[in-house]
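Down below is the structure, laid out as C-alpha cells.
Everything quoted here is computed from the prediction, not taken from an experiment.
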Amino acid sequence: MTDKDMRFDYLLRLGDNSLILGQRLAEWCGHAPMLEEDLALTNIGLDLLGQARMFLSYAGEVEGKGRDEDRLAYFRDTKDWRNLLLLEQPNGDFAKTMARQFFFDAFQYLQFEGLAKSSDDRLAGIAAKSLKEITYHRRHSADWIIRLGDGTDESHERIQGAIDDLWGYLPEMFDMDAVDDAMLADGFGVDVAALRPVWDDYVNGVLAEATLIRPADSWSVRGSREGKHSEHLGYLLAEMQFLPRAYPDAKW
Amino acid sequence: MTDKDMRFDYLLRLGDNSLILGQRLAEWCGHAPMLEEDLALTNIGLDLLGQARMFLSYAGEVEGKGRDEDRLAYFRDTKDWRNLLLLEQPNGDFAKTMARQFFFDAFQYLQFEGLAKSSDDRLAGIAAKSLKEITYHRRHSADWIIRLGDGTDESHERIQGAIDDLWGYLPEMFDMDAVDDAMLADGFGVDVAALRPVWDDYVNGVLAEATLIRPADSWSVRGSREGKHSEHLGYLLAEMQFLPRAYPDAKW
Amino acid sequence: MDVIDQEHDELETAFQAKVEAEQRIEPKDWMPEKYRQTLIRQMSQHAHSEIVGMLPEGNWLTRAPSLKRKTILMAKIQDEGGHGLYLYSATETLGISRDEMFEQLHSGKAKYSSIFNYPTLNWADIGAIGWLVDGAAITNQIALCRCSYGPYARAMIRICKEESFHQRQGYDIMMTMAQGTKEQREMAQDALNRWWWPTLMMFGPNDANSANSAQSMKWRIKRQSNDDLRQKFVDATVPQAEFLGLTIPDDKLAWNDVRGHYDFGEIDWEEFKAVVKGNGLCNRERLQARVDAHDGGKWVRDAALAYAAKKADRKAKAA
Amino acid sequence: MDVIDQEHDELETAFQAKVEAEQRIEPKDWMPEKYRQTLIRQMSQHAHSEIVGMLPEGNWLTRAPSLKRKTILMAKIQDEGGHGLYLYSATETLGISRDEMFEQLHSGKAKYSSIFNYPTLNWADIGAIGWLVDGAAITNQIALCRCSYGPYARAMIRICKEESFHQRQGYDIMMTMAQGTKEQREMAQDALNRWWWPTLMMFGPNDANSANSAQSMKWRIKRQSNDDLRQKFVDATVPQAEFLGLTIPDDKLAWNDVRGHYDFGEIDWEEFKAVVKGNGLCNRERLQARVDAHDGGKWVRDAALAYAAKKADRKAKAA
C-alpha cells in the first residue's frame, strides 16, 4: 500500500463509520419513542451524514480516480466498506440503539479530539468542526444510558441486555493495524489503542451512575478493516444503494 | 393495448403473483415454528417459484423483446409489477403468513382450475401442472387456519387478527379490468369475478370449522394492476434485485 | 334572559368585535367554547398531519439517491417533526394535553390530512410531495397567518417560512427528474399523475358543501374559501408543471381568459370519501406506525419519568 | 468381580466382537453406555449442524441472482432441513427426544459445526459452501456410511447421495463466478480465501491431539483419522481449485511426490478455538435465530397440540 492508498483507506474508515451509523439512525425516522427523540435522532443523523460527506469527498480526492462522495457511498459492495462492525448492527429497540450510540460517541469524541490535532489541516478541520457536534451526541446518549439504567426495572433490564449484546463489538474500535500505524507515524492519524483507558474511565463512570454492570470481556469479533463484515451490512447496502444501482445513468 | 400486450400483461400478473409470494416464503427459511413447517414452506415456495419461472418465460416470449424470466424478475421497478397487493404484504407472524397463504391458495386453486381450460395450450398446461401443487398448498393452509383458529386462545386471537388485517386486500383478487375482459373473451383467461361465490363458500366453510369470524367488508384497497403498490414492494425488490442490479454485466 | 346569559352575550359580542377589529385572541382571553373546540380540532389535526406526514417521506430516507438529497430530506422531515411539536404546544394553550391529542389520533377520533394515506412509490414522489403537497399546504397556511387566534397565527408564520423552502426543494427534485433520463421522466410523470388529484382534495369540499366554513370565516379563523384557495393553487402550479414539461392529468384543464383563471375538471369526491373512510393504501400502516411508536416507546418514556422522579427525590433529600 | 460386572463384561465383549465382524448395531441391541452417549453427542451435533447450516445459506436465498439459482438454493436448504429431520429421528432411536436435543442446542450444551459461525458475505460464498463445506462433509460422511450403528450408517448413505449433488451445484456456482466478470472472479477468490481454512478445521484436531478418536475407531463409529480425512479432502480439492483458476490461500501448499499427497500449511488452531468459544462473527446470531424460531413458534406448536387433543376428544365422545 502506498501512502496515498493508506490515506484513502483511513479516510474511508472515518467516512464509513459516520455514514453507516447515520443510515441506521435514519431508519428510526418517524418511529422514535417520543417526538423530541425523533428530532434528536435526526439531528445526530444529520451530523453524521455531514461528517460522512466531508470524509468521503476527501477520500475520493486523495484517491484521485474521480470518485465523489456518492460514487463511494453507492457503488461499493460489502467487502469494500470499512465501518466498524458495531455500527452496522441492527437498531433493535431504543436501548440497543442508544447503547450502540453511546459506545461510539464516547469513542468518536476521543478519536476526533486526536484528529483535530492532525498534521493534515483539512482532516484536522473536519474533526474540529465535528467535535462540537459529538460533544452533544455524547451527552445525549450518556443521559439516556443513565435514564434507562436508573429508570424502571424494564428499562434497566433492556439497557443492560443491549450493553451485554454489543460488548464484543467494542474491542475492534481500539485495534491498530498497519494503516493505523503508518498514519500515526505520519502525524495524519490517531493512536486509538491509546484511547482505551480514557474511554474505559468515561464509560465506567456513566455505567456506574446508571447502576449498570460493565460486562466481562468474554468474546470479541473483528474484521471490518479487511472488509469482513456481519451479514447485516449487505441488506443495509441493498436498500441504501437501490436507486443509483438500478438507474446507473441517472443524476439525482 | 394490442392483444399481444394484453397477453403479456396477463401472464405477468400470474407470474408476479407466484414470484412475490414465493419470495416472501423464502424469508421464512430457517425460522419456521417447527422443522416440518420449514420444509413445508420451502416446498410451497419452490412450487411458486417454478410457476413464476414458467409464466415469466412465457410472458417474455409473448412480448418478443428478448426479455427472459430473469430480465423480467430482476430489472423491473415497482410500477411495472402486477402481483396482487395481498402477496407483497410482510410475513408478520406465522398466523399472518398462513392467512395470506390460505386466501391466495383458495383463489389460485379456482383461478388455475379455469386456466387449465384455457384455449391456449401452453397456459392450460402450466395451470394443470400447477393445480396439483396448489391442491396440496390449499389443504396445508386450510389445515393451519383450522388448527390455529380452534387451537389455543392465543392462536385463535392471532389468526383472527391476521384475517381482519388482510381482509381488505381480498376484493382486488376478484376485480376484472379491460385486460381480464379481453382475455376472457379470447378464451385465454378466466372470469375471476365469477369465482367469488365459490371462493366464499370454501373460505366460509374453513372459517366456520376454525371457529373464526368472517370480517365485515368495511374497507378495501386495489391498484396493483396499474402498478400502484403498497410501500412494502419497493423494499422487497431492492433486496431481491440487488445482485443483478449491482453487477449488470454478470452472468450467474 | 337571566344575568349569566346576558353576560355571555356581551362577552361574545365583544369577542366578535375584537376579531373583526383584527385583534388577536390570546390564550387567557375569553372565547366561545365552539371557537375553542374548532381550533382544537383544526390545530391538532394540523399537528397530527405534520407527524404522520413524516412517514411517507421517511419511507425514502434510507433510499435517497445521493447523500445530498438524503441530507436535505432528513432535514426536511426533522422540520416537520418540529412543526408538529410547535403546533402541539400551540394547541395546548387551548387546554388540551399532547397525550390527549395522541389518544384522539390513535383511537381514530382525531384525523390527519388524508393525503398521507397515499403511498410514496418512487423517488419522484418525494419531489411531488414537496412541490404539490407542501405547495397546497402553504396556500392554506398563508391565509392562516392572519388567523384570529394568536398562537396559531404565530405558529403559521414560522412554519410558512420553512415550508416554502421545502417546496422549492421538492420542485428541484422534480426538475432534476424531468430533465433526467427517460426512466426519471417517467417517474416524475407517474408521481404527478398520482399526487395531482389528492392534492386538490387537500383544500376540502367545494364551498357549496362546506358546512363549517361560514362560521370559521366569521371568526376569522379562515380567511378564504376552499374553492378560492384551490383556484389559487391551480393557477400557481399549472405554469410550474408546464415549465417541467410534465402533463397534469386533467383533460379539462385550460386557461379561461374571461375568468382570468384556469378551469379544471371535477374532483372525484367519492375517492376522497373512500380514502378518508379507510380505503387508502396506507391508512392502516400510517396509524399503526404511530401507535407502534407510541406504545412501543412507553417503556422509554416511563424510564425517563421514573429517573426524573428519583433525581428530584434525591435532591429533596439532600437539601 | 460380581455377577453383574461379569455379565456386563460378557456383553461388552460380544458387542465388540459384533462390531469387529462388521455387523450393525441396532437400537434394540445392547450397547455400552459410553457408545450410546458418544453417538448421541455426535449424531445430534450432526443434526444441529444441518439446521443451523440452513441459516448462512438462507441469508442469500432472497438475494439469489437468478430464479434458477434461487430454486436450486431453496431446494438445497430444504434438503438440509430434511437431513436434520432424518438425523434427529435416527438419534431418537438412542433414547433422547428431539425436544431434549433442541434444549441442549439452545442452552449451548450441544454444539453444531463451527463452520456456520462464519458469515456469508457475497454470492460466491454460496458456491464455496457447496464446494468446500459440503465437500468436507461428504469426505467425513462417506466414512460414516460404514459406521457400526445401523440407523446412523443408513442415514449417512441417504444423505451422502444428496450432498454430492449439492457439492456439484456449489462447484458450478464457483465455476460460473470464476469464469465471469472481474468482480465475480474477485468474489470467488474472496470466498475461497475466507472458507478454505475453516473448512480444513471441520475435520477436527490433528490426530495427535484427538482424544476421542481412538475409542471411536475401536467402536467402528469412525473409520479414518481426522488427518487422513483432511488429507483426502485436500488432495481432491486442490486440482478443482486449479481448474477454477483460483488460488488456495496457503503458501505452503505443494505436491509432495514422495508422499503422493499435497503438503499444506499448519492450521491456526487458536482461531478455531476462538470461534468455537464464541468469537466467530455469527455465533450469537445463529444461536439466537434458532432460539427465536423455537420460542417464537411455541404458540404455533401449542395450537397444533391443543387442536389435536380436541379432535381426539371429540372423536372419543362421538364413539
Side-chain angles (χ1 to χ4, degrees), chain A residues 19 22-43 45-46 49-50 52-53 56-57 68-70 72-74 93-95 98 143-144 146-156 158-159 210 236 239-244 246-247 249-252, chain C residues 50-71 73-75 77-82 84-85 88 98 102 122-123 173 176-177 179-184 187 286 289-290 292-294 296-311:
Chain A
L19 181 51
Q23 175 77 2
R24 283 288 185 222
L25 292 183
E27 295 173 14
W28 270 103
C29 190
H31 307 282
M34 58 189 90
L35 197 44
E36 287 78 0
E37 206 46 38
D38 232 317
L39 299 183
L41 292 176
T42 26
N43 222 16
L46 277 167
L49 258 179
R53 295 180 65 190
L56 293 182
S57 293
D68 62 9
E69 58 179 49
D70 286 332
L72 287 170
Y74 290 97
D93 64 2
F94 186 73
M98 271 306 131
D143 280 352
W144 272 114
I146 294 166
R147 271 193 216 111
L148 297 179
D150 195 17
T152 64
D153 287 350
E154 180 180 4
S155 70
H156 182 89
R158 282 185 187 244
I159 188 68
L236 182 152
E239 184 175 318
M240 181 172 88
Q241 299 178 335
F242 177 74
L243 279 175
Y247 305 99
D249 300 328
K251 289 193 177 61
W252 305 95
Chain C
E50 294 283 357
I51 61 161
V52 175
M54 296 167 79
L55 299 169
E57 295 184 300
N59 184 44
W60 282 91
L61 185 56
T62 58
R63 292 177 293 173
S66 77
L67 296 187
K68 188 180 162 194
R69 292 288 184 201
K70 195 190 284 282
T71 305
L73 181 58
M74 204 166 190
I77 301 174
Q78 193 189 32
D79 283 347
E80 282 157 6
L85 207 53
Y88 283 125
R98 208 207 291 184
F102 279 154
N122 79 54
W123 173 251
I173 290 177
T176 309
M177 301 285 283
Q179 296 178 341
T181 65
K182 180 172 165 289
E183 288 153 324
Q184 285 178 301
M187 286 185 218
R286 300 292 185 238
R290 289 313 313 162
D292 287 349
H294 192 76
K298 185 172 185 300
W299 71 270
V300 178
R301 299 190 302 277
D302 287 348
L305 289 174
Y307 177 73
K310 282 187 202 177
K311 213 176 158 185

Query raised in the report: Is there side-chain contact between Val300(C) and Trp144(A), with at least one heavy-atom pair below 4.5 Å?
Result: yes
Requested in this report: Could you have a look at Asp153(A), Thr152(A), Leu35(A) and say which one has the most heavy-atom pairs with chain C under 4.5 angstrom?
Outcome: Leu35(A)
**Report entry** chain A interface, residue from Thr62(C), Thr71(C), Thr176(C) that has the most non-hydrogen pairs under 4.5 Å
**Finding:** Thr62(C)
Requested in this report: For residues Leu236(A) and Gln23(A), determine if any side-chain heavy atom of one lies less than 4.5 Å from a side-chain heavy atom of the other.
Outcome: yes
Query raised in the report: In terms of heavy-atom pairs under 4.5 Å with chain A, which of Ile173(C), Leu305(C), Leu67(C) leads?
Result: Leu67(C)
Query - Geometric cation-pi criterion, Arg63(C) with Trp123(C): 6.0 Å, 45° - result: no
Report task. Find the one option among Arg98(C), Glu80(C), Met54(C), Lys311(C) whose heavy-atom pairs under 4.5 Å with chain A are most numerous. Result -> Arg98(C)
Query raised in the report: Would you say Leu148(A) and Tyr307(C) make side-chain contact, with heavy atoms under 4.5 Å?
Result: no
Report task. Answer with side chain, backbone, both or neither: which region of Leu19(A) has an atom nearer than 4.5 Å to a non-hydrogen atom of chain C? Result -> side chain
Requested in this report: Check each atom of Ala95(A) against the heavy atoms of chain C and say whether the ones under 4.5 Å are side chain, backbone, both or neither.
Outcome: both
Query raised in the report: For Leu49(A), is it the side chain, the backbone, both or neither that has a heavy atom under 4.5 Å from a heavy atom of chain C?
Result: side chain
Report task. Examine whether an atom of Arg24(A) lies under 4.5 Å from a heavy atom of chain C, and if so say whether it belongs to the side chain, the backbone or both; otherwise answer neither. Result -> neither
**Report entry** Contacting region of Asp38(A) [heavy-atom separation from chain C under 4.5 Å]
**Finding:** side chain
Query raised in the report: Do side-chain atoms of Arg290(C) reach the backbone of Arg286(C) as a donor and acceptor pair under 3.5 angstrom?
Result: no
Report task. Let me know if Phe94(A) has heavy atoms under 4.5 Å from chain C in its side chain, its backbone, both or neither. Result -> both
Query - Heavy-atom pairs under 4.5 Å with chain A, option from Lys70(C), Lys298(C), Glu57(C), Gln179(C) with the top count - result: Lys70(C)
Report task. Using non-hydrogen atoms and a 4.5 Å limit, figure out which bit of Leu55(C) sits close to chain A: side chain, backbone, both or neither. Result -> side chain
Query raised in the report: What do the steps show when you test His294(C) against Phe102(C) for side chain to side chain contact (heavy atoms under 4.5 Å, CB included), and what is the final call?
Result: CA-CA 9 Å; His294(C) 192 76; Phe102(C) 279 154; 3.6 Å; yes
**Report entry** Options Glu69(A), Glu239(A), Gln241(A), ranked by heavy-atom pairs under 4.5 Å with chain C, top entry
**Finding:** Glu239(A)
**Report entry** Backbone of Gly149(A) reached by a side-chain donor or acceptor of His156(A) within 3.5 Å
**Finding:** yes
Report summary line: Cut-off 4.5 Å, heavy atoms of chain A, and the answer for Asp292(C) is neither
Query raised in the report: So which of Ser66(C), Gly58(C), Gly297(C), Ala306(C) has the biggest tally of heavy-atom pairs under 4.5 Å with chain A?
Result: Ser66(C)
Query raised in the report: Within a reach of under 6.0 Å around NZ of Lys310(C), are more than 12 heavy atoms found that belong to other residues, nucleotides or ligands?
Result: yes
Query raised in the report: Hey, does Met240(A) have a side-chain heavy atom less than 4.5 Å from the side chain of Tyr74(A)?
Result: yes
Report summary line: When the 4.5 angstrom heavy-atom criterion is applied to Thr181(C) and chain A, the contacting part is side chain
Query raised in the report: What part of Glu183(C) lies closer than 4.5 angstrom to a heavy atom of chain A: side chain, backbone, both or neither?
Result: side chain
Requested in this report: Would you mind checking which part of Arg69(C) comes under 4.5 Å of any heavy atom in chain A, side chain (CB onward), backbone (N, CA, C, O), both or neither?
Outcome: side chain
Query raised in the report: Between Ile77(C) and chain A, which part of the residue has a heavy atom less than 4.5 Å away: side chain, backbone, both or neither?
Result: side chain
**Report entry** Heavy-atom side-chain contact between Trp252(A) and Asp70(A) under 4.5 Å
**Finding:** no
**Report entry** Heavy-atom proximity to chain C below 4.5 Å, by part of Trp28(A)
**Finding:** neither
**Report entry** Contacting moiety of Ala32(A), where chain C heavy atoms sit under 4.5 Å
**Finding:** backbone
Query raised in the report: Roughly how far apart are Glu36(A) CD and Leu41(A) CG, rounded to 0.5 Å?
Result: 11.5 Å
Query raised in the report: Is chain A contacted by the side chain of Lys68(C), its backbone, both, or neither, given a heavy-atom distance below 4.5 Å?
Result: both
**Report entry** Interchain contact, Ile146(A) with chain C, by part (heavy-atom threshold 4.5 Å)
**Finding:** both
**Report entry** Nearest-0.5 Å distance that lies between atom CD in Gln78(C) and atom OG1 in Thr42(A)
**Finding:** 4.0 Å
**Report entry** Residue part contacting chain C, namely of Asp143(A), when any heavy atom lies under 4.5 Å
**Finding:** neither
